[in-house]
Every structure is written in C-alpha cells, then in structure tokens.
Engineer: 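Before anything else, here's the structure in question.
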Amino acid sequence: MEEGRETSAMGEQTKTGRQAGRQADHYHLTVAETKALENSDSDIGMCGWMLVLFSILLTLLTLPISIWMCIKIVKEYERAIIFRLGRILRGGAKGPGLFFILPCTDSFINVDMRTITFDIPPQEVLTKDSVTVSVDGVVYYRVQNATLAVANITNADAATRLLAQTTLRNVLGTKNLAEILSDREEIAHSMQSTLDDATDDWGIKVERVEIKDVKLPLQLQRAMAAEAEAAREARAKVIAAEGEMNASRALKEASLVIAESPSALQLRYLQTLNTIAAEKNSTIIFPLPIDMMESFLKR
C-alpha cells in the first residue's frame with residue numbers, strides 16, 4: 001500500500017512538473033513572439049522612413065494646430081497599440097495616460113484590459129452514459145497581452161466565446177451523469193485549464209469558469225424522483241423492522257423478569273389501572289389474575 005502511494009505521488013509530481021515545463025516553454029515562446037512584433041517597425045524601409053520624416057516635418061509646420069491631432073489619451077483600464085505604416089510600433093502597448101502619434105503615418109487601437117464576463121448558452125450534451133443534458137455556464141477572462149490580442153486574432157472576444165462552447169461540450173462528453181451532477185468544480189477547473197492554454201496565443205487569460213445549471217429531461221427527472229422515493233421507503237421499512245425487533249427483545253426480557261417474580265405481574269396490573277384511571281374513562285377493564293381463579297376451579 002505504501003509503495004503504491006509513493007508511486008502515485010511520484011507520478012503526480014512528474015505530471016505537475018511536465019505541465020509547469022510546458023507552461024514555461026509556452027510563456028517564453030509568447031514573450032519572444034511579442035518582442036518580434038514590437039521590433040518589426042525597424043523594417044519599414046527607406047520609403048517608410050521618408051514618409052515618417054515628411055509627417056514629422058508637416059507636424060512641425062502646422063503647429064500648434066497639429067498638436068491636437070498628435071496627443072491622445074488612454075484611460076487607466078485601456079492600452080493603445082500604435083501602428084506605424086501598418087507595423088506595430090516598438091515599445092508595445094502604450095498607456096495609461098498621454099502618448100503621441102504622427103497624424104499621417106500612425107494609427108492606434110484601444111484594448112480594454114478589464115475582466116470580461118459572458119454566459120455560455122445552454123449546450124445540449126450527450127454524456128458518456130448516453131444521457132442528454134442541457135448545461136450552461138459563465139466565463140471570466142481578461143486581455144493579458146494587448147499586442148497579441150490585436151495582432152494574432154481578428155476578434156478575441158468572439159473567438160473566446162465560441163471556444164468556451166466547444167470546450168464545454170468536449171469536457172462534458174467524457175463524463176457520466178453522476179460526475180456532472182457531483183463534480184462541477186472539477187469540470188470547471190478542467191475547462192479553465194483548457195481554455196487558458198488555448199487562448200495564450202491570443203493574449204487572453206481565462207480567470208474563472210463556473211457551471212451554472214444542469215437541466216435534465218423531464219422523463220429522467222421523474223425516473224430519478226421515483227428511484228429516490230423507493231429508496232426512502234426501503235430505508236423506512238428497514239428502520240421499522242429494526243424497531244420491531246428491538247421491541248420484541250425488550251418484551252422478551254420483561255417477560256423473563258416478570259416470570260421470576262409473580263408479584264411483579266400484580267404491580268404491573270395496578271400500574272395499568274392507574275394509567276387508565278388518569279384518563280377519566282367511564283369504563284375500566286381490570287384483568288383478573290388466573291391465580292385467583294384456581295381456588296374456585298378446584299371446588
């Protein structure tokens with residue numbers, strides 16, 4: 001047993017180490033990709049630099065009017081990705097606060113860095129034990145890398161929503177109905193890990209996934225209710241039978257005690273009479289001991 005536990009613990013540690021290694025490799029790859037995108041403005045060529053110099057000259061000639069076209073403001077929860085002649089400007093995302101752009105050659109896109117919440121529409125899922133259920137959930141995510149969110153995907157929000165629906169169906173398709181009803185936290189954690197790994201290349205960080213509701217077919221609900229009622233009735237019958245058995249044992253022990261002392265039976269008669277009289281009944285039935293009748297029978 002101890003050897004099996006040690007082997008299991010070593011296997012879990014190895015698996016955790018491999019996952020951490022894959023995450024570290026993926027993180028280094030993402031960082032390298034971000035740096036490559038940010039340093040791409042150095043390849044704009046001679047014509048590009050001429051256009052940039054022309055834009056700077058035009059800005060200087062039209063001061064102070066052009067200054068209102070050059071100064072931009074980004075809010076605390078936003079970041080700006082600046083494109084110069086179609087290439088991402090060196091330095092990555094700008095903000096929060098003030099930043100400058102060239103009117104003719106630069107353009108920018110604002111990216112919201114706040115946590116975004118969306119509901120997963122109810123998904124009809126066929127479980128591992130061939131039961132159709134309708135499951136919905138909620139996902140919390142935020143943009144972790146604004147540069148990747150703009151450069152690597154057209155619409156990160158729509159892509160994350162579609163991926164969440166597909167992941168929900170794929171994860172629940174490998175579970176039994178009992179596991180879906182009882183292991184919601186494990187399913188949510190598995191979905192979060194899968195979504196987080198899939199959206200790393202998009203600069204998205206999935207913070208939390210929750211399963212909201214599991215809807216069963218009406219016929220299945222009735223069958224489960226009937227099964228639960230039958231189980232309760234069976235337990236009630238078992239408890240009643242155990243009570244009868246205990247009562248019969250107590251009566252047996254009481255009869256043995258009364259058999260050892262005949263006067264105890266007379267005292268019991270008097271106690272019964274006292275109990276009946278306390279209820280103020282008009283009719284009292286008093287049992288006559290058989291021992292008193294023996295003398296009359298002998299005569």
Engineer: For Asp196 and Tyr141, test the side chains for any donor-to-acceptor distance below 3.5 angstrom and give the result as yes or no.
Structural biologist: no

Engineer: side-chain contact (heavy atoms from CB on, under 4.5 Å), that's the test. Do Lys212 and Asp119 meet it? Break it down for me.
Structural biologist: CA-CA 9 Å; Lys212 292 176 58 178; Asp119 293 328; 3.7 Å; yes

Engineer: Rounded to the nearest 0.5 Å, what's the gap from CG on Asn110 to CD1 on Ile73? Could you check?
Structural biologist: 11.5 Å

Engineer: What I'd like to find out is whether the side chain of Leu168 reaches to under 4.5 Å of the side chain of Ile211, using heavy atoms alone.
Structural biologist: yes

Engineer: Is the backbone N or O of Ala178 less than 3.5 Å from a side-chain atom of Asn176, with the two atoms forming a donor-acceptor pair by type?
Structural biologist: no

Engineer: Grab the two heavy atoms, one from Val125 and one from Gly173, that are nearest each other, plus how far apart they are.
Structural biologist: CG1-N, 4.0 Å

Engineer: Are His189 and Ser193 close enough that some pair of their side-chain heavy atoms sits under 4.5 Å apart?
Structural biologist: yes

Engineer: So, the side chain of Asn170 versus the backbone of Thr166: is there a donor-acceptor pair under 3.5 Å, distance only?
Structural biologist: yes

Engineer: Return the minimal non-hydrogen interatomic distance between Thr127 and Ile180, and the atom names on each side.
Structural biologist: CG2-CD1, 3.3 Å

Engineer: Quick one: CG on Asp183 to OG on Ser190, what's the gap to the nearest 0.5 Å?
Structural biologist: 11.5 Å

Engineer: Is there a donor-acceptor contact under 3.5 Å from the side chain of Ser248 to the main chain of Glu244?
Structural biologist: yes

Engineer: If you count every heavy atom of other residues, nucleotides or ligands that lies below 6.0 Å from Phe118 atom CZ, does the total exceed 12?
Structural biologist: yes

Engineer: Does a sphere of radius 6.0 Å around CG in Leu61 hold more than 12 heavy atoms from other residues, nucleotides or ligands, not counting ones at 6.0 Å or beyond?
Structural biologist: yes

Engineer: Does anything in residues 136-152 pair up under salt bridge (Lys or Arg N to Asp or Glu O under 4.0 Å), and if so which pairs, sequence neighbours excluded?
Structural biologist: Arg142-Glu207

Engineer: Go through Ile120 and Met191 one step at a time and tell me if the side-chain contact (heavy atoms from CB on, under 4.5 Å) criterion holds.
Structural biologist: CA-CA 12 Å; Ile120 303 176; Met191 284 188 59; 4.1 Å; yes

Engineer: Between Arg79 and Val143, is a side-chain contact (heavy atoms from CB on, under 4.5 Å) present by the stated rule, with each step listed?
Structural biologist: CA-CA 10 Å; Arg79 298 296 182 269; Val143 177; over 6 Å; no

Engineer: Do other residues, nucleotides or ligands put more than 12 heavy atoms under 6.0 Å from the CZ atom of Arg169?
Structural biologist: yes

Engineer: Return the minimal non-hydrogen interatomic distance between Val139 and Ala164, and the atom names on each side.
Structural biologist: CG2-CB, 4.1 Å

Engineer: Less than 4.5 Å apart, any side-chain heavy atom of Leu58 and any of Pro103?
Structural biologist: no

Engineer: Any side-chain heavy atom of Phe83 within less than 4.5 Å of one from Val150?
Structural biologist: yes

Engineer: Are the side chains of Phe100 and Ile71 in contact, using a 4.5 Å heavy-atom criterion?
Structural biologist: yes

Engineer: Is it true that, when you exclude Leu53 itself, more than 12 heavy atoms of the residues, nucleotides or ligands shown sit nearer than 6.0 Å to its CG?
Structural biologist: yes

Engineer: For Pro121, is there any backbone N or O sitting under 3.5 Å from a side-chain donor or acceptor partner on Gln123?
Structural biologist: yes

Engineer: So how far is it from Ile65 CD1 to Thr59 OG1, rounded to the nearest 0.5 Å?
Structural biologist: 12.0 Å

Engineer: Looking at side-chain heavy atoms only, is the closest gap between Leu216 and Leu177 below 4.5 Å?
Structural biologist: yes

Engineer: Where do Asp200 and Leu148 come nearest, in terms of heavy atoms and distance?
Structural biologist: O-CD1, 4.1 Å

Engineer: Tell me whether Ser55 contacts the main-chain N or O of Leu51 through its side chain, where contact means a donor paired with an acceptor under 3.5 Å.
Structural biologist: no

Engineer: Let's go through Thr160 and Leu195 carefully: what are the C-alpha distance in whole Å and the side-chain angles of both, what is the deciding distance for side-chain contact (heavy atoms from CB on, under 4.5 Å) to 0.1 Å, and is it a yes or a no?
Structural biologist: CA-CA 8 Å; Thr160 304; Leu195 286 174; 5.7 Å; no

Engineer: Counting C-beta onward and ignoring hydrogens, is there a side-chain heavy-atom pair between Arg84 and Ser107 closer than 4.5 Å?
Structural biologist: no

Engineer: For the residue pair Val52 and Leu85, establish whether any side-chain heavy-atom pair is separated by less than 4.5 Å.
Structural biologist: yes

Engineer: Which atom names give the shortest non-hydrogen contact between Ile187 and Glu179, and what distance separates them?
Structural biologist: CD1-O, 4.1 Å

